[in-house]
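Worth knowing before you read on, the calculation uses all heavy atoms, side chains too, and leaves out hydrogens, waters and symmetry mates.
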Amino acid sequence: MIDFQNVSFSYGEESSGGGIRNVNLTINTGEFVLLTGESGCGKTTITRLVNGLVPHYYEGNLEGDVLLDGKSVSDTPLYDLAAMVGSVFQNPKSQFFNVDTDSELAFACENLGYPQEDILKRIDRTVSDYHIEDLMGRSVFALSGGEKQKIACASVAALQPFVIVMDEPTSNLDMRTISYLKAIIHKWKKEGKTVIIAEHRLYWLMDVVDRVIYMKNGRIEHDLTIDDFRRYSVNELHQMGLRNSVSSTDSLCACQWSNEWIKFKDFRFTYKNADTEAMYIDTLSIPKGAVVGVLGNNGAGKTTFGRCLCGLEKSAKGTLIFGNVQLVRKKKIRLSYIVMQDVNHQLFTESVLDEVLLSMEKQEGTAVEKEATALDILQRLKLSKFKDCHPMSLSGGQKQRVAIASALASKKKILV
């Protein structure tokens, strides 16, 4: 079904990584293949070469050829590839074209000119098969992260492609939605679809994957059957930079709590035109200096809480006391820094180093001192070699670390 013939691709900024080198890979019809490896190893580039986003959308230097069902991806128009390959991205918002869920399910079929009667039948069957009746007739802006991912999967399924690529689809999902996604993948396997998934989380895929491709620095380091991959120990997986259900906490240090508290009272927020409150906290006290996990299913209000805490929601109600001072919205903004789920919204400059320095603009110290601090933070987050790269040229995980570097450099009192 898919054949990579000595394929190399770079995005033009060699030092930023993300490309691939001398890849030879054959994927058979109906095979489920997991692409894994550390951020920037080339997983996403492989998926883009399969669905045609490289070279038809992302420009760069391409050598070799990728064949899809015997056809060269480079020579096949993107609109023809769209009927053959369905894509589910890490951030479903990036693949939505409409403002309501019904239109989103119809969009791809309409775009390819299918008859109206056929489109309506496909939508009805998809809604029934994927049990998303409760999501129909909804604004895509009112959906939680997990609900958006369900609509993204359903819109791909309505098109009925025979190849599906997924790029870290669980990065923003809770356990319940991951289980739903796993059931969808089982359904695709039974239908004989060829599925390629780029993913860091491994545990939920172990009983559906046929084959594991481990990549490093743009090359295929290991090509393993799932049985061979299961023999790797937890320690070996950690050394390869992979996540399983066990995480090491050996390197974490104890928090130094103070006797001061951040206090919330009658803290609430309601989205415009919504019938119910998105968040309501009667009372809550958090010790300064603590590291606090905010947990809950998709749509529980975690992101809303973070945005209200940082003063990003103008209509948030209630009292927030920090250091015995009640904070107004502008004070919340001055004291806090949030690293968003989609960090593409908060990367502004032409280089990684400038991005970190931007958050230090109002701090005291010389330009030399600030640059030394920024370089130290980049070193700790393994970003030094990317300091002169454009932030948007990096992989998803690398962008996330750049945003975290900016948060650390800001020296704000509250980091979300």
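- In this structure, the side chain of Ser103 does not engage the main chain of Asn98 through any donor-acceptor pair within 3.5 Å.
- Between Asp354 atom CG and Glu371 atom CD the span is 9.0 Å, to the nearest 0.5 Å.
- For the pair Asp102 and Arg138, the salt-bridge criterion is not met [side-chain N within less than 4.0 Å of a carboxylate O].
- Side-chain contact check for Thr194 and Glu31: no donor-acceptor pair (N or O, by modelled atom type) lies under 3.5 Å.
- Under a cut-off of 6.0 angstrom, the local environment of CD in Glu236 is crowded, with over 12 non-hydrogen atoms contributed by other residues, nucleotides or ligands.
- Below 30°, between 30° and 60°, or above 60°: for Tyr130 and Trp188 the angle between ring planes is between 30° and 60°, a tilted geometry.
- Taking a cutoff of 4.0 Å between a charged side-chain nitrogen and a carboxylate oxygen, Arg268 and Asp266 qualify as a salt bridge.
- Within 6.0 Å of atom CZ in Arg176, 12 or fewer heavy atoms from other residues, nucleotides or ligands are found, so the atom counts as exposed in its surroundings.
- Distance alone, capped at 3.5 Å, is enough to place a donor-acceptor pair between the Glu369 side chain and the Thr366 backbone.
- In summary, the side chains of Tyr11 and Thr45 do present a donor paired with an acceptor at a separation below 3.5 Å, with no hydrogens or angles considered.
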request  = May I have the step-by-step check of side chain to side chain donor-acceptor pair (under 3.5 Å) for Ser315 and Tyr271, ending in yes or no?
outcome  = CA-CA 9 Å; Ser315 57; Tyr271 285 100; over 6 Å; no
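- Side-chain atoms of Gln398 and Ser39 include no donor-acceptor pair closer than 3.5 Å.
- Arg122 places no side-chain N or O within donor-acceptor distance of the main-chain N or O of Ala157, the cut-off being under 3.5 Å.
- Applying the ring pair (Phe, Tyr, Trp, His ring centres under 6.0 Å) definition to pairs two or more places apart or across chains, those involving residues 72-105 are Phe97-Phe107.
- Remark: side-chain polar atoms of Ser393 are not paired, donor with acceptor, to backbone N or O of Cys389 under 3.5 angstrom.
- A donor-acceptor pair is defined here as one N or O able to donate and one able to accept, closer than 3.5 Å; such a pair exists between the side chain of His390 and the backbone of Met392.
- Of the inter-residue distances, the one linking Phe32 atom CZ with His186 atom NE2 reads 9.0 Å to the nearest 0.5 angstrom.
- Nearest heavy-atom pair, Thr319 versus Phe267, reported as atom, atom and distance to 0.1 Å: O-CD1, 4.1 Å.
- Using modelled atom types, no side-chain atom of His238 and backbone atom of Ser233 make a donor-acceptor pair closer than 3.5 Å.
- Note that Arg48 lies outside the cation-pi zone of Tyr57, set by a 6.0 Å cut-off to the ring centre and a 45° limit from the axis.
- Electrostatic pairing of Asp376 and Arg380 counts as a salt bridge here, judged by a charged N lying under 4.0 Å from a carboxylate O.
- Scanning both residues, Phe305 and Met279, for their nearest heavy atoms gives CA-SD, 3.5 Å.
- For Phe4 and Phe9, the distance between ring centers is not under 6.0 angstrom.
- Salt bridge annotation for Lys265-Asp282: absent, with no cationic side-chain nitrogen under 4.0 angstrom from a carboxylate oxygen.
- Contact detail for Gly52 and Leu78: the closest heavy-atom pair is O-CD1, 3.5 Å.
- With rounding to the nearest 0.5 Å, the separation of CD1 in Ile197 from CZ in Arg201 is 11.0 Å.
- Between the side chain of His200 and the main chain of Gly37, a donor-acceptor pair closer than 3.5 Å is present.
- At distances below 3.5 Å, not a single donor-acceptor pair connects side-chain atoms of Gln400 with backbone N or O atoms of Val343.
- Leu143 approaches Lys148 most closely through the heavy-atom pair O-CE, 3.3 Å.
- One side chain, Gln5 or Asp3, offers a donor N or O that lies under 3.5 Å from an acceptor on the other.
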Please set out all donor-acceptor pairs under 3.5 angstrom arising from side-chain atoms of residues 407-416, sequence neighbours excluded.
unit_1, atom_1, unit_2, atom_2, d
Ser410, OG, Ala407, O, 2.6
Ser410, OG, Lys412, N, 3.3
Lys412, NZ, Ser336, O, 3.3

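- The environment of Glu59 atom CD is sparse: at most 12 non-hydrogen atoms of other residues, nucleotides or ligands sit within 6.0 angstrom.
- Remark: Asp167 does not engage Lys43 in a salt bridge, criterion side-chain N to carboxylate O under 4.0 Å.
- Glu355 contributes a side-chain N or O that, together with a main-chain N or O of Thr349, makes up a donor-acceptor pair within less than 3.5 Å.
- Within the 3.5 Å criterion, the main-chain N or O of Asp388 finds no donor-acceptor partner in the side chain of Ser351.
- Each of Ile27, Ile226, Asp228, Thr225 was scored for a side chain to side chain contact (heavy atoms under 4.5 Å, CB included) with Arg211, with one residue passing: Ile27.
- Within the model, atoms CG of Asp100 and CD of Glu104 stand 8.5 Å from one another, a figure rounded to the nearest 0.5 Å.
- Between the side chains of Asn51 and Ser87, at least one donor-acceptor pair of N or O atoms lies under 3.5 Å.
- Leu295 and Lys302 make their closest contact through C-CD, 3.7 Å (heavy atoms, listed as atom of the first residue, atom of the second, distance).
- One side chain, Glu199 or Thr170, offers a donor N or O that lies under 3.5 Å from an acceptor on the other.
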